[in-house]
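These notes concern the structure reproduced below.
Residue numbering restarts at 1 for every chain, and letters A, B, ... go by the order of the sequence lines.
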Amino acid sequence: MGRIALTGTASFLGARLLRRLAETKGPERLLVVDVAAPPAALDIRHRAVDLTEPAADQRLLDVFREENVEEVVHFAFFTAPRRDAAYAHELESIGTLAVFSAAAAAAVGRVVMRSFTAVYGARGQNPAFLTEDRTLQPDAGLAWVRDKLEAEQHAASFARRYPDLKVAVLRLAPLVGPRVHTFYTRILDRRVVPTLMGYDPLIQMLHPDDALAAAEAAVDRPVTGAFNIVPCRTIPLVTALHLAGKIPVPVPHPVAYPAADVMWAAGIGEAPGRFCDYVRFPFVADGERARRELGFSARYTSRDALLAYLGYRHPHARLETAEASA
Amino acid sequence: MSSRPKVVPLRGRAASEPSDEPAAPAAAARRDGLLVAIARTIEAGRHGLTWENLAALQSAVYFSWHSEEVDEFGRDAKFTDTIRPLLEFLYTVWWRVEPAGVENVPAEGPALVVANHSGVLPWDGVMITLALRHEHPARRECRMLALDMFALLPFLAPALARTGAVRASQENGERLLRSGELVGVFPEGVKGVGKRYRDRYKLARFGRGGFVRLALRTSAPIVPCAVVGAEEIHPVLAKANWVGRPIGLPYFPITPTFPALGPLGVIPLPTKWSIDFADPIPTAEYGPAAADDSILVNRLSEQVRSIIQRMIAGRLARRRSIWFG
């Protein structure tokens, strides 16, 4: 049996998946292909490859051949917008191209890639539930999501050109939960949260346990194609903020976009202005296909994920209720 | 383990208290309800208000009229209950809505209510929903498919979604009908709701028959519905589209009261309304494949349009006054 190679094992989800697979498959079947070494205690073989270096595809090909890799789990993506957009582009778009080129050349049987429901693009015209066959049309001016879109396009292109290469793409809803640190949780850590006046889209918050279960199912099952990995229910943005005990401050959207851009440029914002679309319009995805083919259905609702995160960030809230019921 | 009951002191957290004191948890304040939250904030005000107090109060106010979870299309049962008195006032007192043929709407299973659209703001949809909720023997909840211009309009869009309206699209309509819901549509769309006063009760083109295809694909019967009275609530004298276009509206209505009276201009006129439901038109016999038969789609669309036009004409012939019916 060949090995399972994992990229992005320093990321939150990648690290958890690595631990889980080490338990279920045994460390000897795993291979970490990442600049960062896995924790020594896991005793997993590590080959340092920088996906952003020019000859990354050749290096990956050598590694895949030498280590007899039969499956690649590609999780090297940034969950939040970055200021060094050029580096993010090299890693996410060009790095994904390198992974797929090497996987195809090394006749690796299967690639499981992480993606985001944000690649559908947040639009007012979106249906209440986006299905996997929906055309991906995110805002091309937003580098963060454009790189994801390009990674998806590489995946689709290789899946089409190499019928023997089975490609599964997991489009995960935004992660919110204990120990997650992403754009959304950073917003939730603030006391006062700006919102767009007059807009209150439904949002999905995925619990990390559900994300992990879906990733595990995708590694185990020989499924191909794209899968939305979403929580049970949605929650309106403003309701989520009030549940979290935040003070929402509505800002008119003609002001919010340039203001966010200015703050982003000044280094104090969380995201560039165009990212406001994701708190203005819905991008709610439908998890039916994952339920049917992947056998994955979420155990947590969006609200559960939010409350779990709050309980983790504000443990006193939990302690007091535990005391009261004792 | 003490058997002494624990007493949780009613006390907001003051800034001067030691920091190991549990932070005022939003979750706990929320369970307390609005009055306790107000009491806590007042009490805390004596020691100096904190952000936690304010956030807890704001959250308590919000959850006193919103529920914590909504259905998959964003309908909030508690919010709907909150604004129900206002809507019922409009239904019974303001417009004195007179429904007829409500029993033509199937008591269970999917069905598509197709109505004429008018009145600038989507009040006709709200009143159809109320008529079916209150007068139908099965108390059916009708999910209205809202036009993009409403479903995307700031402020109105979230309010519509919380009260159960859904943005009009084939995907959304199909999902609702497949789960056995009663769905309402206005095929005239923007052309209907923004009619000039002089064009009142002349039905505009029924789109391209999308609603028929929706019904055929899901085998849902079509119930034609005629709303009379809504055309006069905001008589559109002229349209200043050069104002509406830049702010994202397909038209900008000029009525006797709007924009002349400012915010007061959105108060609709108290006309007398009637809502008639005709016999359902079954679509199951054609089969889902018939949705691609554009001749059939157009024929059914025209049939529904003429039924509605006939019901409107009948009502108008009997109506002696716009205000008293």
What residue, out of Val284(A), Val238(A), Thr301(A), has the most heavy-atom pairs lying under 4.5 Å from chain B?
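Looking at each of Val284(A), Val238(A), Thr301(A) in turn, Val238(A) comes out on top.
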Is a salt bridge present between Asp71(B) and Arg233(A), judged by a nitrogen-to-oxygen distance below 4.0 Å?
no
Salt bridge between Glu171(B) and Arg134(A), side-chain N to carboxylate O under 4.0 Å?
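Yes.
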Under 4.5 Å, heavy atom to heavy atom: which of residues 119-130 of chain A reach chain B? Give them by number, or say none.
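Heavy-atom contacts from residues 119-130 of chain A to chain B are Gly124(A), Gln125(A), Asn126(A), Pro127(A), Ala128(A), Phe129(A).
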Crowding at CZ, Arg84(B) (>12 non-hydrogen neighbours, <6.0 Å)
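More than 12 within 6.0 Å, yes.
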Are more than 12 heavy atoms from other residues, nucleotides or ligands located less than 6.0 Å from atom CZ of Arg292(A)?
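Atom CZ in Arg292(A) is packed in, count exceeds 12.
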Tell me the closest heavy-atom pair linking [X] and [Y], and the distance in Å.
X         : Y         : result
Pro158(B) : Asp200(A) : CB-CB, 3.9 Å
Arg162(B) : Pro236(A) : NH2-CB, 3.4 Å
Thr239(A) : Ser67(B)  : CG2-O, 3.9 Å
Trp51(B)  : Val192(A) : CZ3-CG2, 3.9 Å

Less than 4.5 Å to any heavy atom of chain B: does that hold for the side chain of Leu202(A), its backbone, both, or neither?
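Only the side chain of Leu202(A) comes within 4.5 Å of chain B.
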Indicate yes or no: at least one non-hydrogen side-chain atom of Val70(B) is less than 4.5 angstrom from one of Ile235(A).
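Not in contact.
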How about Arg191(A) and Glu52(B): do any of their side-chain heavy atoms sit closer than 4.5 Å?
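Touching, per the 4.5 Å side-chain cut-off.
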As an exercise, state the distance from [atom1] of [X] to [atom2] of [Y], rounded to the nearest 0.5 Å.
X         : Y         : atom1 : atom2 : value
Tyr62(B)  : Leu241(A) : OH    : CG    : 9.0 Å
Cys232(A) : Glu72(B)  : SG    : CD    : 12.0 Å
Arg175(B) : Thr131(A) : CZ    : OG1   : 9.5 Å

Between Gln58(B) and chain A, with a heavy-atom cut-off of 4.5 Å, which part of the residue counts as in contact: side chain, backbone, both or neither?
both
